[in-house]
Amino acid sequence: QVQLVESGGGSVQSGGSLRLSCAFSGYTYSSYCMAWFRQAPGKERAGVAAIDTDGSITYADSVKGRFTISRDNAKNTLYLQSNSLKPEDTAMYYCAAGYGYCGGYYYRLNSRTFEYWGQGTQVTVSS
């Protein structure tokens, strides 16, 4: 069974930065497509960024140029470097894992692609 544990959330002012981490355990990390999703109160869960098994990366338009996703297959860890944070980035951020190659943009940012989810880490950005 795959387990995902997020960390690194917190409260920052607009323009600040946070680095989120997701520790993966249970199976072979490198065989999984990984992604970050977020959900704000009253809104649906939305894909933020994903990194596939071959290293291909997809970002939501709202975070392009500000967020960077990366994975360390030696440490079984997924990261999300979030810079120039805005109040609209405030949400619960979730790590997700899907076995195998995700595919293109549609699949990498679609929650149905992913079987395993973490409990989430809260990011709050104040103006």
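As the structure is a computational prediction, the values presented were derived from the model and not from experiment.
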Residue Glu88 excluded, over 12 heavy atoms near CD under 6.0 Å | yes

Going from SG on Cys95 to CZ on Phe114, what distance comes out if it is rounded to the nearest 0.5 angstrom?
-> 9.5 Å

Got more than 12 heavy atoms from elsewhere within 6.0 Å of CZ, Phe67?
-> yes

Are Leu109 and Met34 connected in the hydrophobic side-chain network, where two residues link if heavy atoms are under 4.5 Å apart?
-> no

Supply the atom-to-atom distance Cys33 SG to Asp52 CG, rounded to the nearest 0.5 angstrom.
-> 4.0 Å

Donor-acceptor under 3.5 Å (Thr77 side chain, Lys75 main chain) = yes

Does the Asp54 side chain pair with the main chain of Ser56, one donor and one acceptor, at a distance under 3.5 Å?
-> yes

Find out if a path of hydrophobic residues (ILVMFWY) with successive side-chain heavy-atom gaps under 4.5 Å connects Ile57 to Trp36.
-> yes

Out of Asp72, Ile69, Leu20, which residue meets the side chain to side chain contact (heavy atoms under 4.5 Å, CB included) rule with Tyr79?
-> Asp72

Any chance you could lay out the side-chain hydrogen bond (donor to acceptor under 3.5 Å, both in side chains) test for Arg66 and Tyr59, step after step, and finish with the verdict?
-> CA-CA 10 Å; Arg66 299 189 298 122; Tyr59 293 103; over 6 Å; no

SB check Lys86 Asp89 (cutoff 4.0 Å) = no

Which pair of heavy atoms, one from Ser126 and one from Pro87, lies closest together, and at what distance?
-> C-CG, 4.5 Å

Answer yes or no: is there a donor N or O on one side and an acceptor on the other, between the side chain of Glu115 and the main chain of Tyr99, under 3.5 Å?
-> yes

Kindly compute the distance separating CD (Gln119) from CE (Met92), expressed to the nearest 0.5 Å.
-> 9.5 Å

Parallel, tilted or perpendicular: ring planes of Tyr27 versus Tyr32, cut at 30 and 60 degrees = parallel

Is there a donor-acceptor contact under 3.5 Å linking the side chains of Asn83 and Ser17?
-> yes

For Thr121 and Glu6, indicate whether the former's side chain and the latter's backbone hold a donor-acceptor pair under 3.5 Å.
-> no

Side chain to side chain contact (heavy atoms under 4.5 Å, CB included) assessment of Arg38 paired with Ser62 = CA-CA 12 Å; Arg38 66 186 181 187; Ser62 58; 3.5 Å; yes

Interatomic distance, CG@Leu78 vs OG@Ser21, rounded to 0.5 Å, equals 8.5 Å

In this structure, CD of Gln81 is separated from OG1 of Thr68 (nearest 0.5 Å) by 7.0 Å

What's the verdict on side chain to side chain contact (heavy atoms under 4.5 Å, CB included) for Arg108 and Asn110, showing C-alpha distance, side-chain angles and the deciding distance?
-> CA-CA 6 Å; Arg108 294 194 188 115; Asn110 188 323; over 6 Å; no

Of all heavy-atom pairs between Ser30 and Asn73, which one has the smallest distance, and what is that distance?
-> CB-ND2, 3.7 Å

Any side-chain heavy-atom pair of Val2 and Phe24 under 4.5 Å | yes

Please round to the nearest 0.5 Å and tell me the distance separating atom CZ of Phe37 and atom CH2 of Trp117.
-> 4.0 Å

Which heavy atom of Ala60 sits nearest a heavy atom of Gly47, and at what distance?
-> CB-O, 3.4 Å

Leu18 vs Tyr93 side-chain heavy atoms within contact, under 4.5 Å = no

Any cation-pi pair here, Arg45 with Tyr94, using under 6.0 Å and within 45°?
-> yes

Is NZ or CZ of Arg71 both nearer than 6.0 Å to the six-membered ring centre of Tyr29 and within 45° of the ring axis?
-> yes

Given the rule in the side chain to side chain contact (heavy atoms under 4.5 Å, CB included) test, do Thr90 and Gln122 qualify, once you have shown the distances and angles that lead to the verdict?
-> CA-CA 8 Å; Thr90 296; Gln122 178 68 38; 4.1 Å; yes

Tyr101, OH: over 12 other non-hydrogen atoms inside 6.0 angstrom | yes

